[in-house]
Structures are given as C-alpha cells and as structure tokens.
Amino acid sequence: MLARLPKGTNDILPSQIDCWYYLENTIKKVLQNYGYREIRTPAFEHTELFVRGIGETTDIVQKEMFTFQDRKGRSLTLRPEGTAPVVRAYLEHNIGRESPLSKLFYMGSMFRCERPQAGRYRQFNQFGAEAIGSPFPEIDAEIIASALSVCKELGLTDLKLMLNSVGCRECRPQYLKALKDYFKEKKDSLCADCKERYEQNPLRILDCKKEKCRIVIKGCPSIFDYLCQDCANHFNTLTYCLDNVGITYQVNPLLVRGLDYYTKTAFEIISEQLGAQNAVCGGGRYDYLVEELGGKHTPAVGFAAGTERIIETMVKQNIKIPAWDGVKVFVAVTGQEQTVSALSIANKIREKGISVEMDFLAKSLKSQMRTANKLLVPYVLILGPEELKEEKITVKNMENGVQEEISLDDILPYLQKHISGNS
Ligand code: HAM
C-alpha cells in the first residue's frame with residue numbers, strides 16, 4: 001500500500017501543473033486588482049479555533065475534522081477552511097491597526113474527512129478573500145464581484161449566483177422558532193440527520209438533499225418574513241448594488257451554509273456542469289466571528305472557492321490554458337568528457353532566462369538528439385573536444401536543420417537574439 005494515495009487526496013502531476021499555475025496567477029492578479037493582499041496561515045491550528053469559529057453543531061466540527069494530539073497532548077486540527085485562521089492571524093498580529101478595513105486573500109490546501117466522491121475530496125484547495133472591518137453591504141457586493149471576476153478572467157461561463165440572508169442575532173431566533181414550530185408536526189417525515197438537526201440547529205434542515213426532507217422543506221416559512229429592519233435594508237442595498245454593476249443572481253431563501261458564523265448575506269456560485277457537488281464558491285458575512293475569537297466587534301465578509309471544482313468546470317467547458325512553452329535549448333556532448341563544460345555553458349544560458357536541458361545519463365550523441373527532438377527544443381548546441389579546443393560550439397537549428405559554428409563568446413547574444421528576441 002506504500003504506493004497508493006490516501007482516500008480523497010489527489011496528486012497534481014506535471015502534465016496538469018500549467019492549469020494550476022495559470023489559476024494561481026489569475027487569482028493573484030484579480031484579487032490584487034481589488035486591493036486584497038495575500039496572507040498565508042499554517043496548515044494546522046488549535047482545534048478550539050475551529051470548534052468556536054465554525055460551530056460545535058456543524059458537520060465539519062462534528063464529523064469531518066482531521067484532529068490529532070501533539071506530543072504534549074494538545075489538540076490540533078488540519079484546517080478545514082481558511083476564514084477562522086485568517087481571523088485568528090488578524091487578531092494575533094493586530095492587522096486591524098494598520099487600517100480600519102483589512103482586505104486579505106489566501107490560497108492553500110484544506111482538509112475535511114468527508115465521504116469522497118466526484119468534486120468532494122479530503123484534501124482540497126481553496127482560494128478566498130476576507131474583508132474585515134466594514135458593516136456595509138457595498139463591500140458584500142465587492143466580495144461577490146471579486147469572486148465572479150476571478151471566474152470570468154479564467155474564462156468560466158454559465159455560473160449562477162445564489163443569494164440569501166440568514167439574519168442576525170436579533171431576528172434569527174424568531175425565524176428558528178418559526179422553523180421549529182413548522183417542523184414539529186412533520187418531524188417523523190424527516191431523515192435521521194434532520195431529526196437531530198431539528199434539536200441542534202434547525203436552519204441546517206433547509207440544506208438537506210434527501211427527497212423526503214425536500215418535500216417537507218418546500219412549505220416551510222421564509223427567512224424574508226422574519227428579517228429585522230437592519231438585515232432587510234442590508235439585503236436590499238446589496239441587491240441594488242449587484243443590479244447596478246450588472247451582476248445577476250437568484251434569491252434562494254433555502255440557501256444556508258454549512259458553517260455557523262454567517263450573518264446577513266450568504267451566497268454560493270454554482271456550476272450547472274458539475275454533479276451533486278456543484279458549488280464552486282461559497283461565502284457571506286460573519287459579523288460576530290472576530291468577537292467570538294476574542295476580538296472587539298468587527299463586521300466582516302468573505303468568500304472561498306474550491307480550486308479543484310473550478311478546474312473541473314474549466315475542463316468541462318473546454319477552456320484552453322496557456323501552456324508552458326517548453327525547453328528552448330539542449331546542450332549535447334559528443335563524449336562524457338565534455339559534460340562539465342556543458343554544465344557551465346547551460347548555467348550561463350539559464351542566467352539569461354532561457355530554459356536549458358542536457359543529458360545526465362551518458363547517452364550517445366544520437367540518443368541525445370532524439371531526446372532534444374522529443375522535447376521540441378528549437379536549438380541544440382553540440383560540444384565536442386575540437387570545438388572546446390577552439391572555443392567554439394556547433395548550433396543546430398532544429399526547425400530547418402541548419403548547423404553553424406559559433407564562438408563561445410558569441411553564443412549568449414546569439415541565443416538571446418534568436419530565442420528571446422533581444423539583440
Ligand atoms: P465552504 O462552502 O465550506 O465555505 O467552502 C467553499 C468552497 O470550497 C465550496 O464552495 C467548494 O467549492 C469547496 N469545497 C468545500 N469542501 C470541499 C471538498 N470536500 N472537496 C472539494 N472542494 C470543497 C468555506 O470554507 C468558507 N470559509 C467560505 C468563506 C470565506 N466564508 C466567508 N469567508
């Protein structure tokens with residue numbers, strides 16, 4: 001079993017890496033254009049951070065965390081998401097002191113011990129952005145726009161934005177009571193999980209995908225009849241902003257998120273091309289998380305997108321990814337005695353920003369030429385004892401087969417001129 005991947009994990013192979021580079025560069029470019037600065041937090045944190053941050057009754061905390069003890073018996077957990085760690089770092093380094101609104105983005109691996117299926121992994125990657133410090137709905141609109149801009153820049157089409165409000169400390173209790181009243185009579189028709197959710201967190205029933213529960217959920221009260229004035233105003237201004245910037249959305253009063261920290265805005269971006277796991281991005285406002293983790297009241301909003309799901313959508317939509325344009329020069333030798341000189345020449349060419357390969361398997365010249373052909377290099381330099389003595393090198397243009405001898409001093413400007421287009 002030593003040569004097998006653990007369940008729910010993936011290797012990213014050299015043949016796939018261009019797509020990841022392209023994605024990572026696009027994410028950085030777009031989010032920096034929106035004024036977000038990158039933050040990197042550790043892959044694991046104290047377990048308590050997630051229990052407090054995400055919520056004790058959530059599936060993530062109850063069933064999905066990879067938790068372990070360190071040698072001193074302290075409980076640590078591989079991060080299942082990025083928001084709680086970013087808020088922890090925000091507080092620990094007093095980032096809010098620098099500016100009243102902190103705009104941070106991140107990319108990295110997350111870990112959830114879920115049942116693996118298409119689009120659902122145990123180690124997966126997310127990129128996300130968090131705007132910490134503003135209570136205003138305009139920043140919710142900007143967060144949503146930034147997530148959609150990354151998708152647009154990547155060439156994704158046919159995405160749907162689903163929007164909801166989950167209320168706040170003032171109005172949510174009344175809505176939860178209304179939900180409990182509604183489901184009380186119908187509890188027997190719910191699945192076992194929802195029966196438990198009824199006791200612990202009835203809002204989560206709305207997210208159940210089981211057919212028997214969906215039937216019951218259909219007639220439940222709508223959150224929009226329970227929002228307080230502040231939450232209703234917030235939602236209305238947000239939709240006004242989205243309308244104004246031309247972002248279309250579908251209001252879905254049943255959209256509840258799997259994490260407990262949300263207040264007011266909750267949203268998801270879904271791709272119809274994915275199967276059951278169709279959310280490429282999720283986010284919302286979390287006005288109490290900073291206080292929950294020990295800070296002063298600081299409203300915030302953010303999103304995170306699943307990188308693998310974005311890539312799967314790109315593949316389904318046949319989006320062409322700019323590929324690495326490959327090795328440019330192969331330095332071949334006629335005998336092993338020339339290898340040391342080849343190493344030095346190769347390094348000098350690389351210093352000029354040109355990619356170079358050479359042979360390390362003591363192959364014959366013929367076999368080296370075959371490798372160079374396979375690599376599709378435009379130029380091969382051939383180094384033999386005669387050439388070295390005369391401080392020359394043979395350059396073969398692989399496109400037209402023309403060979404010429406060039407003095408070692410002239411080789412760098414020659415390659416720069418022909419490959420980088422510099423004279
Ligand atoms: P989330 O909805 O749990 O939200 O995850 C965000 C995205 O991560 C999902 O929409 C999905 O694309 C991807 N994802 C989640 N679980 C998996 C999995 N097991 N396998 C593959 N992809 C997955 C959050 O994590 C929040 N921290 C988002 C947020 C940021 N809210 C405010 N700020």
Side-chain angles (χ1 to χ4, degrees), residues 47-65 67 77 80-81 83-84 112-117 120 162-228 230-232 234-235 250-268 270 275-279 282-289 291-292 304:
T47 301
E48 192 54 22
L49 175 73
F50 300 116
V51 176
R52 288 283 289 278
I54 299 171
E56 235 157 319
T57 64
T58 57
D59 282 355
I60 295 181
V61 169
Q62 288 195 344
K63 307 181 205 161
E64 296 168 4
M65 295 204 301
T67 296
T77 293
E81 60 103 51
T83 309
R112 296 184 193 176
C113 193
E114 297 192 78
R115 196 169 47 78
Q117 62 181 85
R120 194 205 265 160
M162 313 300 279
L163 198 60
N164 194 19
S165 174
V166 292
C168 67
R169 274 181 187 160
E170 298 303 317
C171 53
R172 198 183 307 155
Q174 280 88 289
Y175 181 56
L176 291 182
K177 183 174 176 309
L179 278 183
K180 275 204 140 182
D181 289 346
Y182 171 81
F183 286 117
K184 194 171 177 185
E185 302 295 305
K186 302 168 181 66
K187 229 167 41 179
D188 290 342
S189 318
L190 296 174
C191 70
D193 283 344
C194 282
K195 281 184 187 130
E196 215 169 285
R197 289 173 186 141
Y198 176 86
E199 302 300 338
Q200 295 197 331
N201 190 353
L203 206 60
R204 301 271 311 127
I205 298 176
L206 306 188
D207 203 26
C208 187
K209 303 282 181 293
K210 300 211 177 77
E211 192 48 36
K212 64 192 244 181
C213 298
R214 302 296 325 156
I215 294 167
V216 184
I217 293 162
K218 247 185 196 161
C220 79
S222 163
I223 180 98
F224 286 99
D225 295 326
Y226 292 84
L227 291 183
C228 61
D230 185 34
C231 286
H234 190 97
F235 189 78
Q250 197 175 313
V251 177
N252 178 5
L254 297 179
L255 174 71
V256 286
R257 309 261 305 115
L259 306 101
D260 273 356
Y261 47 61
Y262 291 108
T263 51
K264 298 192 167 93
T265 311
F267 67 90
E268 272 180 7
I270 59 171
Q277 305 303 320
N278 64 357
R285 182 160 274 286
Y286 49 94
D287 286 346
Y288 310 128
L289 183 60
E291 337 174 13
E292 191 61 47

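All values derive from a computational prediction rather than experimental measurement. Here, residue 1 is the first one in the sequence, and each next residue gets the next number.
- Annotation for L179 and P221: closest pair CD2-CD, 4.1 Å, computed over non-hydrogen atoms.
- Here the closest heavy-atom approach between residue Y198 and residue P202 is recorded as O-CD, 3.9 Å.
- A distance-only check finds a donor-acceptor pair linking the side chain of R214 to the backbone of C208 [under 3.5 Å].
- Of all heavy-atom pairs spanning Y175 and S222, the tightest one is CE1-C, 3.6 Å.
- A salt bridge is defined here as a Lys NZ or Arg NE, NH1 or NH2 lying under 4.0 Å from an Asp or Glu carboxylate O, and R257 with E268 meets this definition.
- N252 places no side-chain N or O within 3.5 Å of a backbone atom of M162 that could act as its donor or acceptor partner.
- Residue L227 comes nearest to S165 through the heavy atom pair CD2-OG, 3.6 Å, listed as atom of the first residue, atom of the second, then distance.
- Applying the 6.0 Å contact sphere to CD of E170 captures no more than 12 heavy atoms from other residues, nucleotides or ligands.
- Heavy atoms of other residues, nucleotides or ligands lying less than 6.0 angstrom from NZ of K177 number 12 at most.
- Nearest heavy-atom pair across A279 and I270 is CA-CG2, 3.9 Å.
- Residue-environment remark: CD (E291) exceeds the threshold of 12 foreign heavy atoms within 6.0 Å.
- For the 3.5 Å distance criterion, the side chains of Y261 and T83 qualify, holding a donor opposite an acceptor.
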Passes side-chain contact (heavy atoms from CB on, under 4.5 Å), Q174 versus D225? Steps please.
CA-CA 10 Å; Q174 280 88 289; D225 295 326; over 6 Å; no
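- No donor-acceptor pair under 3.5 Å is formed between the side chain of Y226 and the backbone N or O of L176.
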Checking T263 against Y288 for the side-chain contact (heavy atoms from CB on, under 4.5 Å) test, could you report, in this order, the C-alpha distance in whole Å, the side-chain angles of both residues, the deciding distance, and whether it holds?
CA-CA 8 Å; T263 51; Y288 310 128; 3.3 Å; yes
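- Side-chain atoms of R112 come within 3.5 Å of backbone atoms of P80 as a donor-acceptor pair (strictly under, hydrogens ignored).
- Side-chain atoms of Q200 and Q62 form a donor-acceptor pair, as typed in the model, at a separation below 3.5 Å.
- Put simply, the residue from V51, T67, T77 that forms a side-chain contact (heavy atoms from CB on, under 4.5 Å) with V61 is V51.
- When all heavy atoms are compared, the tightest approach of C220 to L206 is SG-CD2, 3.7 Å.
- Side-chain atoms of R204 never come within 3.5 Å of backbone atoms of T58 as a donor-acceptor pair (strictly under, hydrogens ignored).
- Between K187 atom NZ and K195 atom NZ the span is 9.0 Å, to the nearest 0.5 Å.
- For E199, the CD atom counts as densely surrounded, since its 6.0 Å shell holds more than 12 non-hydrogen atoms of other residues, nucleotides or ligands.
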